[in-house]
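For reference, the structure is listed below as structure tokens.
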Amino acid sequence: MNKVAVIVLAIGLSACGSSPEDQLKDCTINGLQMIIDEMRKGSKLPQRMIDQQDKNMAEARAMTWEQLLNSDTEVFARQCLNLQKQDPEKFNEMVNLY
């Protein structure tokens, strides 16, 4: 098996081994990170804004799924919950995005 196939298989198996709450948390965090990355791409954001985004992401990563669901990230968390039910393939992409 080539290296790429082994990596893809390992990522898939690691996602399968995660609890549903962990997968929902990963989806939410990855969605937030994707938005931040897009905002930063080609932008000249002030350093204080970048620092604040990094701080917010660190706080979000430290939260449990339930805390994410009951915080400012609720919209993103609910989107992941809907994806999990309605589009499992896209949900798995978001879980394994980073």
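Clustering ILVMFWY residues whenever any of their side-chain heavy atoms sit less than 4.5 angstrom apart, transitively, puts Leu83 in the very cluster that holds Leu24. By the rule that hydrophobic residues join a cluster once side-chain heavy atoms approach within less than 4.5 Å of another member, Leu32 and Met63 end up as members of one cluster. If you chain together hydrophobic residues whose side chains sit under 4.5 Å apart, Met39 and Met57 fall into the same group. At a threshold of 4.5 Å between side-chain heavy atoms, the hydrophobic network of Ile, Leu, Val, Met, Phe, Trp and Tyr places Ile29 and Ile36 in one connected group.
Lys25 contributes a side-chain N or O that, together with a main-chain N or O of Arg61, makes up a donor-acceptor pair within less than 3.5 Å. Looking at Thr64, its side chain does come within 3.5 Å of a backbone N or O of Gln67 through a donor-acceptor pair.
Contact between Leu45 and Arg40 at its shortest, heavy atoms only, is CD1-CG, 3.9 Å. What you find for Val95 and Asp26 is that their closest heavy atoms are O-CB, 4.0 Å. Residues Ala77 and Leu69 come closest through the heavy atom pair CB-CD1, 3.8 Å. Taking each heavy atom of Ile35 and Phe76 in turn, the nearest pair found is CD1-CE2, 3.1 Å. Contact detail for Met34 and Tyr98: the closest heavy-atom pair is CA-OH, 3.3 Å.
Of the inter-residue distances, the one linking Leu97 atom CG with Gln33 atom CD reads 9.0 Å to the nearest 0.5 angstrom. Taken to the nearest 0.5 Å, the CG atom of Asn56 stands 10.5 Å off from the OG1 atom of Thr73. Distance check, rounded to the nearest 0.5 Å: CG of Asn96 to OG of Ser18 gives 8.5 Å. Here the NZ-CD1 distance, from Lys44 to Ile50, works out to 10.5 Å after rounding to the nearest 0.5 Å.
In this structure, Glu89 has no salt bridge (charged side-chain N to carboxylate O under 4.0 Å, His left out) partners at least two apart in sequence or on a different chain.
Pairs of residues two or more places apart, or lying in two chains, that qualify as disulfide bond (SG atoms under 2.5 Å apart) and include a residue from residues 35-98 are Cys27-Cys80.
Using a 4.5 Å cut-off on side-chain heavy atoms (C-beta onward), Gln84 and Pro20 make contact.
Looking at Asp51 and Gln47, their side chains do bring a donor and an acceptor atom within 3.5 Å of each other.
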